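The structure's right below; bear with me while I get my questions together.
Everything quoted here is computed from the prediction, not taken from an experiment. Note that the numbering runs from 1 along the sequence shown for the chain.
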Amino acid sequence: MTSENHGTEKADSAMVMSPTGSTSQAAPFSPSTSKPIQELPDELVQAGWSKCWSKRENRPYYFNRFTNQSLWEMPVLGQHDVISDPLGLNAAPASGEAMSDTGLGNGQRKRHPSEDAQAGPNSFKRPKVEIPVTPTTPTVPISPSTPGVKPWVNTTDDKQGQTSVPAPAPYRPSVVYWDLDVQTNAVIRERAPANHLPPHPEIELQRAQLTTKLRQHYHELCSQREGIEPPRESFNRWLLERKVVDKGLDPLLPSECDPVISPSMFREIMNDIPIRLSRIKYKEEARKLLFKYAEAAKKMIDSRNATPDSRKVVKWNVEDTMNWLRRDHSASKEDYMDRLEHLRKQCGPHVASVAKDSVEGICSKIYHISAEYVRRIRQAHLTLLKECNISVDGTEPTEVQDRLVYCYPVRLSILSPPQPRVELHFENDVACLRYKGEMVKVNRGHFSKLELLYRYSCIDDPRFEKFLSRVWCLNKRYQVMFGSGVNEGSGLQGALPVPVFEALNKQFGVTFECFASPLNCYFKQFCSAFPDIDGFFGSRGPFLSFSPASGSFEANPPFCEELMDAMVKHFEDLLEHSSEPLSFIIFVPEWRDPPTPALTRMEASRFRRHQMIVPALEHEYRSGSQHICKREEMYYKSVHGTAVIFLQNNGGFSKWEPTTERIQEFLAAYKVCGRSLPSPGPSSTSTGDKDSKPVQERVAKTQDDSSPVDKTAPDTTNI
């Protein structure tokens, strides 16, 4: 099996390490130190440098244990290297005398203005680095790699034809929330490049403006037709739910869905009719809520075309509730809430019947406006490509061999157009990218992460000339998807804590995330929502169209019922048809009132090997806005329980069996907490939790699984 992530090394590469610091599936080689070597200055030793001896070349060389970089000449601290830092973000001025205009001190001549004009629009000016003039200082190359070559693999043949460059230590965030060194074990059938239209800031800006306008339409329709505010984040969940069935061509907005009426949007609006029911803490709030619901129900039934029986039932129950409110002033909060629940059961069906047509009209209108916006966006995109002489229909299909390979990022079959200039500046530890006055922000640690992912995954931009425009498009896409509200959308992109990922990788061989993004991924191999832009940063595409034959996977989907249900169906199809080891560890909310179809289906699946429940408020998630939020806001407590379910075929069970020891190590990772924010409010208790014992009385029980795959009573563990 082959993969772009798994290059072959020549036998003689043991003497000289790769300057990129990349790793392969084989064990890393160590430099030879067979001859006594003289000591280096303290500054170089502290930076990780040591002097070693090459048996093959019969001369000394210098090796950095931090960056895995090797040099023939003595390194110079502070010099910029485009291999480890292609954008020059981490270059720092070195001590030394000022350089003259005639030389740069590193063997390069000064560039003429005409040469500067030939640089790409997104190639920003690198910081000036003053280096002492020494005859041994090598020349800094312009490009870290050549087209078609894996960006993070460099063989010894490449080293013999050029001299390496000393580089400053790369920017190291104080806290790292990812591990991009983990190699994949996910195996797929080789696939052809995708025919998505390549991203462009101008098109992305238009898409953002139209999506914002669509949100405004949704707000106005809910307010004018039903007199309510749109349910919180229901538009975001609508985007997720529609993409499960959408066959349209836009990566974000739906345009070809069947059915037209979204079950998710319809359900959420109906739940807020006639008024939204909020969490109640005090007795007076419960009394007011009961009064408002009774009034709103009576008003709606009077103003709509209701049947005589519906009017009679609603009016009688409302009058009875009003009389009770006037008569009983000593009722408790629980009395008011019980009365509200009774009123909802009596009036709810009649209120829903008169609101049904109106709510369906809202869903239908939003969908058709979205389809019109998609048509506009695609027309503008095709026009832009045509102006750049890029053909969309004339692309020849790429021949693909029928073979198994390690998974690799999405490739586009259509050439990328020239990119406009995107400005970059830093405000403290935040990178700010601006295009036509529209600014997106990402903290410097995640900006450095995007740079690494881009270098590992992108093959059409070795000089990083399109990097800034693609980072702008990436951040703009997710910013628009999240919404503009405070903390809006961050819950839909929440990620597991780092210790949990480490335990999953160590105990169960997990190397792949089924639902992630370049901004919140832990591994460099993952599936995400937007293959057209995320593919440049390592995405393997949407998971529902990703069909691995082998591997160990983690799945923490956005909590949208339709998406979770489609995910489980996809898991079972893959497990049914694969004879190779295949394992999925799924994290879904433990919603029991009523239970979600996805949870019910997994619990009844013949591939279920183990299940455990992590109680509410006793575990945490990483914020979906981790790329921009403050460090103290990175983690938040979950207000609902989380069900962790292992789905494995026979091969996956044999290779990554959830044994007692492995489960205990995994559960211990959840206890490495204590840094999360308090929950945003009191958690709602589901029916499944009402009779559960206190935490201190729960006993974590685990039994060995050794039965065949059609077992009907797998293990269940409560933390």
Heavy-atom side-chain proximity of Leu617 to Ser638 below 4.5 angstrom: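 SC-SC contact between Leu617 and Ser638 ruled out.
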
Charged N-O contact under 4.0 Å between Lys436 and Glu204: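 Salt bridge between Lys436 and Glu204, a charged N being under 4.0 Å from a carboxylate O: no.
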
Distance-minimising heavy-atom pair for Phe515 and Pro558: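 Here Phe515 and Pro558 meet closest at CD2-CD, 4.0 Å.
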
Electrostatic pair Asp573-Lys569, nearest N-O below 4.0 angstrom: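 Between Lys569 and Asp573 there is no salt bridge, as every charged N stays at least 4.0 Å from the carboxylate O atoms.
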
Smallest separation among heavy atoms of Trp178 and Cys521, with atom names: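 Shortest heavy-atom separation between Trp178 and Cys521 comes out as CB-O, 3.7 Å.
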
Lys288/Glu285 salt bridge by N-O under 4.0 Å criterion: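 So Glu285 does not pair with Lys288 through a salt bridge.
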
Donor-acceptor under 3.5 Å (Thr321 side chain, Asn317 main chain):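 Yes, the answer is positive, given that a donor and an acceptor are paired below the 3.5 Å cut-off.
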
Check: Glu284 main-chain N/O paired with Lys333 side-chain donor or acceptor under 3.5 Å: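 Pair absent, no side-chain N/O of Lys333 close to backbone of Glu284.
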
From CA spacing to verdict: ring-ring contact (aromatic ring centres under 6.0 Å, His included), Tyr435, Trp472: CA-CA 8 Å; Tyr435 174 72; Trp472 187 91; 5.4 Å; yes

Salt-bridge contact Lys315-Asp302 (side-chain N to carboxylate O under 4.0 Å):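 Here Lys315 pairs with Asp302 in a salt bridge, since their nearest N and O are under 4.0 Å apart.
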
Ionic contact status for Glu229 with Arg276, cut-off 4.0 Å: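 Salt bridge between Arg276 and Glu229, a charged N being under 4.0 Å from a carboxylate O: no.
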
Glu572 bridged to Arg601 by N-O distance under 4.0 Å: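 Answer for the salt bridge query: yes.
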
Heavy-atom pair of closest approach, residues Glu256 and Asp246: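 Where Glu256 meets Asp246 most closely, the heavy atoms are N-OD1, 2.9 Å.
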
Any donor-acceptor pair under 3.5 Å from Glu513 side chain to Tyr522 backbone: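 Checking the backbone N and O of Tyr522 against the side chain of Glu513, a donor-acceptor pair under 3.5 Å is found.
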
Pairing of Lys299 and Glu295 as salt bridge, 4.0 angstrom limit: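 Salt bridge: no.
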
Arg477 NZ/CZ over Phe530 ring centroid, <6.0 Å and within 45° of normal: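 Yes; both conditions hold, so Arg477 lies above the ring face of Phe530.
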
Electrostatic pair Asp534:Arg540 at N-O distance under 4.0 angstrom: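 No.
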
Student check: side-chain heavy atoms of Ile366 and Met265 closer than 4.5 Å: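 In contact.
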
Under 3.5 Å donor-acceptor, His570 side chain and Ala566 backbone: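 No.
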
Sub-4.5 Å side-chain heavy-atom contact between Phe553 and Ile586: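 No, their side chains stay 4.5 Å or more apart.
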
Donor-acceptor under 3.5 Å (Lys283 side chain, Ala331 main chain):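 Yes.
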
Residue pair Phe447, Cys432: steps toward the side chain to side chain contact (heavy atoms under 4.5 Å, CB included) verdict: CA-CA 10 Å; Phe447 186 77; Cys432 304; over 6 Å; no

Heavy-atom donor-acceptor pair, Ser223 side chain to Glu220 backbone, under 3.5 Å: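 Looks like no, no N/O pair under 3.5 Å.
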
Ion pair Arg267/Glu562, N-O distance below 4.0 Å: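 Salt bridge: yes.
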
Derivation and outcome, side chain to side chain contact (heavy atoms under 4.5 Å, CB included), residues Ser528 and Phe526: CA-CA 7 Å; Ser528 64; Phe526 57 91; 4.0 Å; yes

Derivation and outcome, side chain to side chain contact (heavy atoms under 4.5 Å, CB included), residues Leu253 and Leu239: CA-CA 7 Å; Leu253 295 176; Leu239 291 175; 4.2 Å; yes

Charged N-O contact under 4.0 Å between Glu233 and Arg215: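 No, Glu233 and Arg215 are not salt-bridged.
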
Ser234 side-chain N/O to Pro231 backbone N/O, donor-acceptor pair under 3.5 Å: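 Side chain of Ser234 to backbone of Pro231, a donor-acceptor pair under 3.5 Å: yes, one is there.
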
Check: Arg207 side chain, Val480 main-chain N or O, donor-acceptor pair, under 3.5 Å: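 No: the side chain of Arg207 does not pair with the backbone of Val480.
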
Side chain proximity check, Leu474 to Arg470, heavy atoms < 4.5 angstrom: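 Of all side-chain heavy-atom pairs linking Arg470 with Leu474, none is under 4.5 Å.
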
Side chain to side chain contact (heavy atoms under 4.5 Å, CB included) assessment of Phe587 paired with Val644: CA-CA 5 Å; Phe587 299 75; Val644 185; 3.7 Å; yes

Lys/Arg N to Asp/Glu carboxylate O, Arg592 vs Glu590, below 4.0 Å: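 A salt bridge is present here (some side-chain N lies under 4.0 Å from a carboxylate O).
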
Exam field: side chain Arg242 to backbone Ser255, donor-acceptor pair closer than 3.5 Å: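 Between the backbone of Ser255 and the side chain of Arg242 there is no qualifying donor-acceptor contact (under 3.5 Å).
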
Trp238 vs Leu214 side-chain heavy atoms within contact, under 4.5 Å: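 Trp238 reaches Leu214 side chain to side chain.
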
N-O pairing of Arg339 and Asp320 below 4.0 Å: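 Result for this pair is yes, salt bridge flagged.
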
